[in-house]
Student: 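Below you will find the structure I want to go over with you.
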Amino acid sequence: MTDPQEAVARRLSTAYGGRGLTWVGAALRSPAAWLTLLGLLLYLPGLGGYPLRGWDEAIYATAARYALERGDYLVPHLYWLASNGEIVYEPFLEKPPLSMWLMTLSMGVFGVTEFAARLPQALAATAVAPVLYLGTRSLLGRRRAAIAGGLWLTTTFVATGNNAARFGGTDALHTLFGTVFVLTVWRLVGGFEPSEQSEGLSRPQQRSRVAFWAVGAAAGITLLIKGFAAGSFVIAVLPLALVHWRVFVRHWQATLELIGTTLSIAVPWVLLAYLRYGETLVDELIREQVLARATGDIAGAGSETTFAFMRFPYFRELPAQFDPWIYFLLPAVVWSIWCGGYRGDDRRVTTDGWLLWWGVSTVGIFVLTGNHGWYLLPAFVPGALLVAGLFDDGLTGRLGALAGIAAGTALLLLYSFRVAGISPAASAKPSVPVTDGVPFVVLTVLGTVAVCLYGAYTHTDSVLTVPAAAKGLNSRWSKVLLGLVLVVGGVAIVGTPANTAGASYNEQGAFALAVNEQLDPGESVYLTPTATERLALFTFGFYIDAPLATIPETPPDNGYLVAIEPAPDRVTPPTVAGGANAVVAVAVELPDGQVLIAYDLGAVSTSP
């Protein structure tokens with residue numbers, strides 16, 4: 001290489017190397033990067049280390065597996081127990097397919113595993129945090145936006161709840177794209193001044209038109225994940241749309257494009273599915289999943305509720321779900337009202353008032369129509385934003401906010417399930433693997449003291465003087481330090497979730513894998529009527545490598561018959577399996593003492 005060439009090469013290397021280091025440094029100082037890292041640390045370790053739950057993740061995961069292996073991509077299929085007691089392979093039309101398509105893609109990359117089934121949900125729950133930061137930093141401030149992302153990630157139900165970050169399903173994905181929709185609408189209407197005139201299309205207005213398209217895309221994707229449940233996000237933005245209706249009227253062409261974008265994403269699958277299955281789609285997607293839930297025809301959780309019309313004890317479960325941040329929610333709301341009434345901060349009370357509407361309307365909709373705890377997952381987003389405002393003002397040095405933080409800490413240490421056995425007023429601890437007991441108390445006290453001291457140092461009327469070491473926190477690399485604190489503190493609050501599927505699913509998964517080792521190509525697995533009633537059919541179906549069917553009247557000459565017997569010493573082999581001559585291929589005792597048995601039908605047919 002000649003000298004001029006070497007000089008050019010050195011300049012290019014220096015330029016691109018320096019640019020690369022600049023990008024790395026910028027990423028380390030970005031709260032979005034630290035929030036993403038925290039989410040990945042909380043949700044990915046051990047994600048595939050426990051079997052699938054029968055409801056609901058095994059349903060979606062099994063449908064995704066069959067789509068990958070059998071080509072049923074347009075409309076995923078499942079083995080269902082029909083009303084006549086027969087097991088049939090039929091389309092799953094109760095939910096739109098996008099979440100199952102993402103699972104199918106994940107399984108195509110990582111294999112048919114629990115990890116692959118749960119990965120889309122884990123990544124979606126993680127992504128909510130940087131989306132919160134990026135979507136609200138210009139509206140609420142960078143620090144409040146970053147705190148809100150951290151609160152979301154460390155909410156108990158987000159980290160450990162069914163259908164949340166560490167389980168396959170729809171609701172974390174639903175929450176992610178619904179949040180994108182809401183925040184994009186908020187930024188869209190906030191970007192227009194009342195005096196704006198629309199004569200032609202300037203460059204800023206072109207960007208606004210892209211925002212209209214983004215709203216439509218987010219709405220269409222949310223509909224394609226969970227159907228009409230996306231309506232809760234529309235109700236959330238209703239006040240924004242009513243107050244800023246001129247934005248949509250003035251930009252009527254962009255509004256029509258918004259609607260067209262939504263329909264172009266959400267409608268094609270519905271039309272294709274309707275052309276193929278007709279009224280069956282209407283019955284399952286609308287009459288059963290929407291109307292039957294709204295009217296109470298679908299049964300609830302089977303536990304005592306606060307009011308007779310409810311089908312799930314939402315009010316009793318909510319404190320544990322939004323723990324530990326729910327105990328700061330009331331002080332946050334009181335503080336927002338104080339800011340508006342006493343300090344005259346109309347913008348603050350208007351913003352927080354709308355966030356309160358978002359959360360309360362979401363809870364209210366599903367209190368009236370829902371029958372599962374995970375329906376409230378989207379409400380934790382505005383809840384995190386409200387509580388983040390209290391912490392942000394506390395760190396700014398506002399004494400009222402610091403008093404609110406102290407009050408929230410007192411409520412937390414009195415009533416949280418994490419201090420059960422320490423505080424006599426604490427609620428009973430649910431079976432969720434999170435940090436609790438003395439370690440949690442110490443962590444809470446240290447965190448509160450740190451926030452209050454930092455707030456006191458920054459308070460303008462404080463008699464304390466800021467030491468030189470504290471002034472150093474204003475350096476650009478202080479964001480790296482604060483990011484490390486965020487990650488370490490978040491992991492400490494949540495802990496490392498253990499096996500949250502339950503012992504019965506462990507045994508059923510192990511049983512199916514043991515049967516797989518005995519199966520020959522082309523053989524089927526048959527289930528007795530008792531097994532179809534008591535077995536988690538979808539969990540079993542995900543793990544078993546054979547078609548499922550109920551036992552026919554004419555005994556088959558190969559395959560395996562699965563039955564559930566009451567106890568190891570009370571096994572009565574079915575006649576179709578050979579009666580006294582039945583050959584047991586696999587037997588597993590369940591946690592309740594019953595025995596799951598697979599009889600080898602081929603051994604019976606070949607016996608003398």
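Hydrogens, waters and symmetry mates are skipped; everything else that's a heavy atom, side chains included, is used. Given the structure is predicted, the values throughout are model-derived calculations rather than measurements.
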Student: Apply side-chain hydrogen bond (donor to acceptor under 3.5 Å, both in side chains) to T539 and Q508, showing your working.
Tutor: CA-CA 7 Å; T539 302; Q508 292 179 29; 5.3 Å; no

Student: Quick one: list whatever passes ring pair (Phe, Tyr, Trp, His ring centres under 6.0 Å) with F366, sequence neighbours left out.
Tutor: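 In terms of ring pair (Phe, Tyr, Trp, His ring centres under 6.0 Å), with neighbours along the sequence ignored, F366 is linked to Y375.
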
Student: Main chain of T261, side chain of S264: is a donor-acceptor contact present, judged purely on distance under 3.5 Å?
Tutor: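 At least one qualifying donor-acceptor pair exists.
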
Student: For residues F92 and W80, establish whether the separation of their ring centroids is below 6.0 Å.
Tutor: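 Yes, the ring of F92 comes within the 6.0 Å limit of the ring of W80, centre to centre.
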
Student: Given 3.5 Å as the limit, does a donor-acceptor pair link the side chain of E57 with the main chain of R53, or not?
Tutor: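 Yes.
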
Student: By the salt bridge (charged side-chain N to carboxylate O under 4.0 Å, His left out) test, which pairs, at least two apart or in different chains, include something from residues 256-268?
Tutor: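 Residue pairs with at least one partner in residues 256-268: R209-E257.
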
Student: Between L263 and P268, what is the shortest heavy-atom contact and its length?
Tutor: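 Taking L263 first and P268 second, the nearest heavy atoms are O-CD, 3.4 Å.
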
Student: Quick one: closest heavy-atom pair of S361 and A236, and the distance?
Tutor: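 Taking every non-hydrogen atom into account, OG-CA, 4.3 Å.
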
Student: For R143, give me all partners under side-chain hydrogen bond (donor to acceptor under 3.5 Å, both in side chains), at least two apart in sequence or on another chain.
Tutor: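 Partners of R143 under the side-chain hydrogen bond (donor to acceptor under 3.5 Å, both in side chains) test: D392, T396.
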
Student: Please tell me if the side chains of N163 and L377 come closer than 4.5 Å, counting only heavy atoms from C-beta onward.
Tutor: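 They are not in contact (no side-chain heavy atoms under 4.5 Å apart), so the answer is no.
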
Student: To the nearest 0.5 Å, what is the distance between CG (L355) and CG (L386)?
Tutor: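 The distance works out to 5.0 Å.
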
Student: I'd like to know if the side chain of R144 and the backbone of L385 have a donor-acceptor N/O pair within less than 3.5 Å.
Tutor: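 Checking the backbone N and O of L385 against the side chain of R144, a donor-acceptor pair under 3.5 Å is found.
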
Student: Are Y66 and H77, when compared by the centres of their aromatic rings, separated by less than 6.0 Å?
Tutor: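 Judged by ring-centre distance (under 6.0 Å), Y66 and H77 do not meet the cut-off.
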
Student: Find the distance between CD (E69) and CE (M107) and round it off to the nearest 0.5 Å.
Tutor: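 The distance works out to 9.0 Å.
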
Student: Is it the case that the side chain of S106 and the backbone of L102 share a donor-acceptor pair, with hydrogens and angles ignored and the cut-off at 3.5 Å?
Tutor: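 Checking the backbone N and O of L102 against the side chain of S106, no donor-acceptor pair under 3.5 Å is found.
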
Student: Using the side-chain contact (heavy atoms from CB on, under 4.5 Å) rule, take T175 and W152 through it: C-alpha gap first, then chi angles, then the decisive distance, then the call.
Tutor: CA-CA 11 Å; T175 300; W152 158 266; 3.7 Å; yes

Student: Looking at every heavy atom in both G178 and T222, which two are closest together, and how far apart are they?
Tutor: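 Scanning both residues completely, I find the closest heavy atoms to be N-OG1, 3.4 Å.
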
Student: Could you walk me through whether F380 and L318 pass side-chain contact (heavy atoms from CB on, under 4.5 Å), step by step?
Tutor: CA-CA 10 Å; F380 302 150; L318 185 58; 3.8 Å; yes

Student: Is there a side-chain contact between L548 and F540, using heavy atoms and a 4.5 Å cut-off?
Tutor: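 Yes - at least one pair of side-chain heavy atoms lies under 4.5 Å apart.
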
Student: Could you grab the distance from atom CG of L78 to atom CD1 of I87, nearest 0.5 Å is fine?
Tutor: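 Going from the CG atom of L78 to the CD1 atom of I87 covers 12.0 Å.
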
Student: Side chains of T136 and R187: is there a donor and an acceptor less than 3.5 Å apart?
Tutor: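 No donor-acceptor contact under 3.5 Å links the two side chains.
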
Student: Show every side-chain hydrogen bond (donor to acceptor under 3.5 Å, both in side chains) that has at least one partner inside residues 119-134, sequence neighbours left out.
Tutor: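 Those involving residues 119-134 are Y133-R142.
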
Student: Minimum heavy-atom separation for G227 to P96, with atom names?
Tutor: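 Shortest heavy-atom contact: N-CG, 3.5 Å.
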
Student: Locate the shortest heavy-atom distance separating L224 from I265; write the atom from each residue and the value.
Tutor: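 The pair with the smallest heavy-atom distance is CD2-O, 3.9 Å.
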
Student: For the residue pair V381 and W358, establish whether any side-chain heavy-atom pair is separated by less than 4.5 Å.
Tutor: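 Sidechains of W358 and V381: in contact.
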
Student: Give, for atom OG of S99 and atom CG of D56, the distance between the pair rounded to the nearest 0.5 Å.
Tutor: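 S99 atom OG to D56 atom CG measures 10.0 Å (nearest 0.5 Å).
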
Student: What about the rings of F110 and F115, do their centers lie closer together than 6.0 Å?
Tutor: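 Aromatic pair counts; centres sit under 6.0 Å.
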
Student: Quick one, V237 and V182 - any side-chain contact, counting heavy atoms below 4.5 Å?
Tutor: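 Yes, at least one pair of side-chain atoms sits under 4.5 Å.
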
Student: Between E114 and R118, is the closest basic N to carboxylate O distance under 4.0 Å?
Tutor: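 Salt bridge: no.
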
Student: Hey, is the main chain of F157 close enough, under 3.5 Å, to the side chain of T155 for a donor-acceptor pair?
Tutor: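 Judged by distance alone, no pair lies under 3.5 Å.
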
Student: Has T62 got a side-chain atom pairing as donor or acceptor with I59's backbone, closer than 3.5 angstrom?
Tutor: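 Here the side-chain-to-backbone pair does not exist.
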
Student: How about F233 and F181: are their ring centres within less than 6.0 Å of each other?
Tutor: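 Ring centres of F181 and F233 not closer than 6.0 Å.
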
Student: Distance check, rounded to the nearest 0.5 Å: M103 atom CE versus L105 atom CG?
Tutor: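 Output value for this atom pair is 12.0 Å.
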
Student: Is there a side-chain contact between V387 and I147 in this structure, where contact means two heavy atoms from C-beta onward sitting under 4.5 Å apart?
Tutor: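 Heavy-atom side-chain distance check fails, nothing below 4.5 Å.
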
Student: Could you pull out all donor-acceptor pairs under 3.5 Å where a side-chain atom in residues 269-283 meets a protein atom, sequence neighbours excluded?
Tutor:
unit_1	atom_1	unit_2	atom_2	d
W269	NE1	L74	O	2.8
E279	OE1	R287	NH1	3.4
T280	OG1	Y277	O	3.4
D283	OD1	R287	NH1	2.2

Student: Can you check whether W354 and W186 have ring centres sitting under 6.0 Å from each other?
Tutor: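 For W354 and W186, the ring centres are under 6.0 Å apart.
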
Student: How close do A164 and V158 get, counting heavy atoms only, and between which atoms?
Tutor: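 Scanning both residues, the minimum pair turns out to be CB-O, 3.4 Å.
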
Student: Report yes if the side chains of L390 and W325 come closer than 4.5 Å at any heavy-atom pair, otherwise no.
Tutor: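 Not in contact.
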
Student: Just do the side-chain contact (heavy atoms from CB on, under 4.5 Å) check on L47 and R166 with the steps written out, would you?
Tutor: CA-CA 6 Å; L47 189 65; R166 292 180 58 85; 4.1 Å; yes

Student: Sequence neighbours left out, what pairs pass salt bridge (charged side-chain N to carboxylate O under 4.0 Å, His left out) with at least one residue falling in residues 171-185?
Tutor: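 Salt bridge (charged side-chain N to carboxylate O under 4.0 Å, His left out) check on residues 171-185 returns D171-K226.
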
Student: Just so I know, are the side chains of P547 and Y79 near enough to count as touching, which here means a heavy-atom distance under 4.5 Å?
Tutor: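 Sidechains of Y79 and P547: in contact.
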
Student: For A379, does its backbone N or O pair with a side-chain atom of T362 as donor and acceptor, under 3.5 Å?
Tutor: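 No, because the side chain of T362 does not come within donor-acceptor range (under 3.5 Å) of the backbone of A379.
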
Student: Rounded to the nearest 0.5 Å, how far does OG1 of T156 lie from CG of D323?
Tutor: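 Rounded to the nearest 0.5 Å, the CG-OG1 separation comes out at 4.0 Å.
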
Student: Do F212 and V247 pass the side-chain contact (heavy atoms from CB on, under 4.5 Å) test, and can you show the C-alpha distance, the side-chain angles, and the key distance before you say yes or no?
Tutor: CA-CA 11 Å; F212 279 92; V247 170; 4.2 Å; yes

Student: Is the shortest side-chain heavy-atom distance between L40 and L123 below 4.5 Å?
Tutor: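 L40 reaches L123 side chain to side chain.
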
